[in-house]
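The structure displayed is predicted, hence computed values, not measured ones. Both counts, for ligands and for their atoms, begin at 1 and track the order of listing.
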Amino acid sequence: MKIVFVCTGNTCRSPMAEAFLKDIIKKKGENIEDYSIVSAGISTLDGLKASENSIVALSEYDIDIREHKSRALTKDLIEDADLILTMGKTHKEIILKYLPDYEGKVFTLKEFLGEKDFDIADPYGGDLDIYKNTAKEINYYVEKLVEKILKEKKEN
Ligand SMILES: N[C@@H](Cc1ccc(OP(=O)(O)O)cc1)C(=O)O
């Protein structure tokens, strides 16, 4: 299964989501080789480090994202993915504005999990507490995501 998380800069939210998903999938005893889990940004450059506060926030979960390098979202990444999960509504809207054919596989993370409030707020420029809250929120939803993926896998 190929999943792409999308945010704006790919230095804060989507790298957290990517790292949480890899970590939780492994902890559930799943074979990580069965999954391709990446993240990308709608408006970024390739090769930027994760923001310092994101690195610190995830270190509290014993997750190390110091090696993360940002990547710009591409049409190829979207075409190739099974599921594209965006951090905000705008990210989804931008993708579908250019690539409307992929409507069936692009969702906000919260929408995909049946929530009404669609955005994971952008912590960019905020203090460490804001990043810790973002990490907590993303971790919560990624836990739910794993439950959903594994449930669907069992049923199929
Ligand atoms: N605001 C930044 C870009 C940016 C926006 C959001 C951001 O956070 P995230 O990686 O969660 O989208 C990171 C970077 C700029 O001034 O260019």
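Note that OG of Ser54 is 8.0 Å distant from CD1 of Ile138, once rounded to the nearest 0.5 Å.
Taking 4.0 Å as the cut-off between side-chain N and carboxylate O, Lys151 and Glu147 do not count as a salt-bridged pair. Taking a cutoff of 4.0 Å between a charged side-chain nitrogen and a carboxylate oxygen, Glu137 and Lys110 qualify as a salt bridge. A salt bridge links Lys22 with Glu18: the closest approach of a Lys/Arg side-chain nitrogen to an acidic carboxylate oxygen falls below 4.0 angstrom.
At distances below 3.5 Å, at least one donor-acceptor pair connects side-chain atoms of Thr44 with backbone N or O atoms of Gly9.
Of the options Thr8, Asp122, Leu45, the smallest heavy-atom separation from atom 8 (O) of ligand 1 is shown by Asp122.
Nearest protein heavy-atom contact of atom 7 (C) of ligand 1 is Tyr124 CD1, 3.6 Å. Here the protein heavy atom with the shortest distance to atom 9 (P) of ligand 1 is Cys7 SG, 3.5 Å.
Every atom of ligand 1 is numbered from 1 in the order shown, and the set under 4.0 Å from a heavy atom of Cys12 is 8 (O), 9 (P), 10 (O), 11 (O). Counting atoms of ligand 1 from 1 in the listed order, those under 4.0 Å from a heavy atom of Arg13 are 9 (P), 10 (O), 11 (O), 12 (O).
There is no protein heavy atom closer than 4.0 angstrom to atom 17 (O) of ligand 1.
For ligand 1, the polar-atom distance check against Asn10 finds a nitrogen or oxygen pair separated by under 3.5 Å. Considering backbone and side-chain N/O of Pro15, none are found under 3.5 Å from N/O of ligand 1.
None of Leu113, Leu21, Ile24 except one satisfies the side-chain contact (heavy atoms from CB on, under 4.5 Å) rule with Glu143; the exception is Ile24.
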